[in-house]
There are 2 protein chains.
Amino acid sequence: MIRRETKQRETILGILRSTSSHPTTDWIYDEVRKVLPNISKGTVYRNLKVLCEMGLVSELKLNGMVSRYEGRLDSHYHFRCERCGRVSDIDEPVDKELDRRVAVKTGLKISYHQLEFRGLCHDCEAQAKDE
Amino acid sequence: MIRRETKQRETILGILRSTSSHPTTDWIYDEVRKVLPNISKGTVYRNLKVLCEMGLVSELKLNGMVSRYEGRLDSHYHFRCERCGRVSDIDEPVDKELDRRVAVKTGLKISYHQLEFRGLCHDCEAQAKDE
DNA sequence: TTAGGTGCAAAACCTTTGCCATCCC
DNA sequence: GGGATGGCAAAGGTTTTGCACCTAA
């Protein structure tokens, strides 16, 4: 299937590339509407799916509530605040050797691993102290 | 709030402790009904939530779609087949040192990390070859 | 006795889909 | 022109919730 360039798709991609947050579909929808007020939610969902297939954005699938997306493509780890749910990138080298080791040990075909740290972000920790 | 012991809650906990699979709510519901045919799905959801709060079971969330639960409580890694969605435990020591290192580097309060390997399970790999 | 728990059904949520008009190549 | 895409709304699937009735402690 040949993919077309539409302003809806371009806008969504642009938004994802311009933020380092890891937005939910809802947040993306609100942002796109500032530029294209008539866009529908279905279109946002469809395009996020397509952009994932095209390998232009990635979806965070580890243990969250709703899906979150990001424009960054290289493999890296995340941190999720258990209180506010915010997600941020962690600058720590990805241990590819771990995949190989576990693949050998288990005989499973492992293509990658996803890792998420859990705890309290700076804001929430400060807030927790006040209570 | 004082938690009571009800046969519904006991049964659900028993089922989770007796399996090493990582069942979905639906599967659990089907199993409980073999013992308590009149149990409702709402009760299963409510009790899984309560058991999580009590720290007796833990929840593995898949992408906002279906939750999976397990009775095992010690920290460990998982493998998820990208084709059939099955989840299994991985017998590899959890790197607690990683949490400390990243906490120091980032200043974040990290309590633990979750790690999931992705790839193809034995069955699905065999099937993939046939196609 | 009484606060917590259950069943039932409706509501709430997130996501997908069918249909037809529209737009890109 | 013709297939890909968009907008709209309805449907789908999972989870939560309100309410009246139970039941463990």
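Letters A, B, ... mirror the listed sequences (proteins, then strands); counts begin at 1.
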Undergrad: Under 4.0 Å between a side-chain nitrogen and a carboxylate oxygen: does that hold for A:Asp26 and A:Lys41?
TA: yes

Undergrad: Starting at atom CD1 of B:Ile39, determine the distance to atom C1' of D:dT23, rounded to an integer number of angstrom.
TA: 15 Å

Undergrad: Using heavy atoms to find the nearest nucleotide of DNA chain D for B:Lys7 and B:Thr43 separately, return the residue whose nucleotide is more 5′.
TA: B:Thr43

Undergrad: Taking B:Arg9 for its side chain and B:Arg4 for its backbone only, find out whether a donor-acceptor pair lies under 3.5 Å.
TA: yes

Undergrad: So which nucleotide from D:dG6, C:dT6, D:dT16 ends up closest to the side chain of A:Gln8?
TA: D:dG6

Undergrad: In whole angstrom, what separates B:Ile12's CD1 from C:dG5's C1'?
TA: 12 Å

Undergrad: Is there a side-chain polar atom (N or O) of A:Thr25 under 4.0 Å from OP1 or OP2 of C:dT15?
TA: yes

Undergrad: To the nearest Å, how far apart are B:Asp26 CG and D:dT15 C1'?
TA: 11 Å

Undergrad: Choosing from D:dT15, C:dT16, C:dG7, which nucleotide comes nearest the side chain of A:Tyr45?
TA: C:dT16

Undergrad: Do A:Glu70 and A:His76 meet the criterion of a side-chain donor-acceptor pair at a distance under 3.5 Å?
TA: yes

Undergrad: Is any side-chain N or O of A:Arg46 under 3.5 Å from a base N or O of C:dG18, one able to act as donor and the other as acceptor?
TA: yes

Undergrad: So, taking the atom named CG in A:Leu56 and the one named CZ in A:Arg3, what distance separates them when rounded to the nearest 0.5 Å?
TA: 10.5 Å

Undergrad: In terms of the nearest nucleotide of DNA chain C, which residue is placed more toward the 5' end: B:Arg3 or A:Arg3?
TA: B:Arg3

Undergrad: What's the NZ-C1' distance between A:Lys41 and D:dC8, to the nearest Å?
TA: 14 Å

Undergrad: Please determine, for the side chain of A:Glu5, which listed nucleotide (D:dT15, C:dC25, D:dT5) has the closest atom?
TA: C:dC25

Undergrad: Could you tell me the separation between the CD atom of B:Glu10 and the C1' atom of D:dA25, rounded to a whole number of Å?
TA: 14 Å

Undergrad: Between atom CG in B:Leu48 and atom C1' in D:dT15, what is the gap in whole Å?
TA: 11 Å

Undergrad: Whole Å only: how far is the CZ atom of B:Arg9 from the C1' atom of D:dA24?
TA: 11 Å

Undergrad: For the pair made of CD1 in B:Ile28 and C1' in D:dT14, what is the distance, rounded to whole Å?
TA: 14 Å

Undergrad: Check every strand shown and say whether B:Asn47 touches a base, only sugar-phosphate, or nothing at a heavy-atom separation below 4.0 Å.
TA: sugar-phosphate

Undergrad: Just to confirm, is there a sub-4.0 Å distance from OP1 or OP2 of C:dG4 to any side-chain nitrogen or oxygen of B:Thr6?
TA: no

Undergrad: For atom CD of A:Glu5, is the number of surrounding heavy atoms from other residues, nucleotides or ligands below 6.0 Å larger than 12?
TA: no

Undergrad: Can you tell which of C:dT6, D:dT23, D:dG6 lies closest to the side chain of B:Arg4?
TA: D:dT23

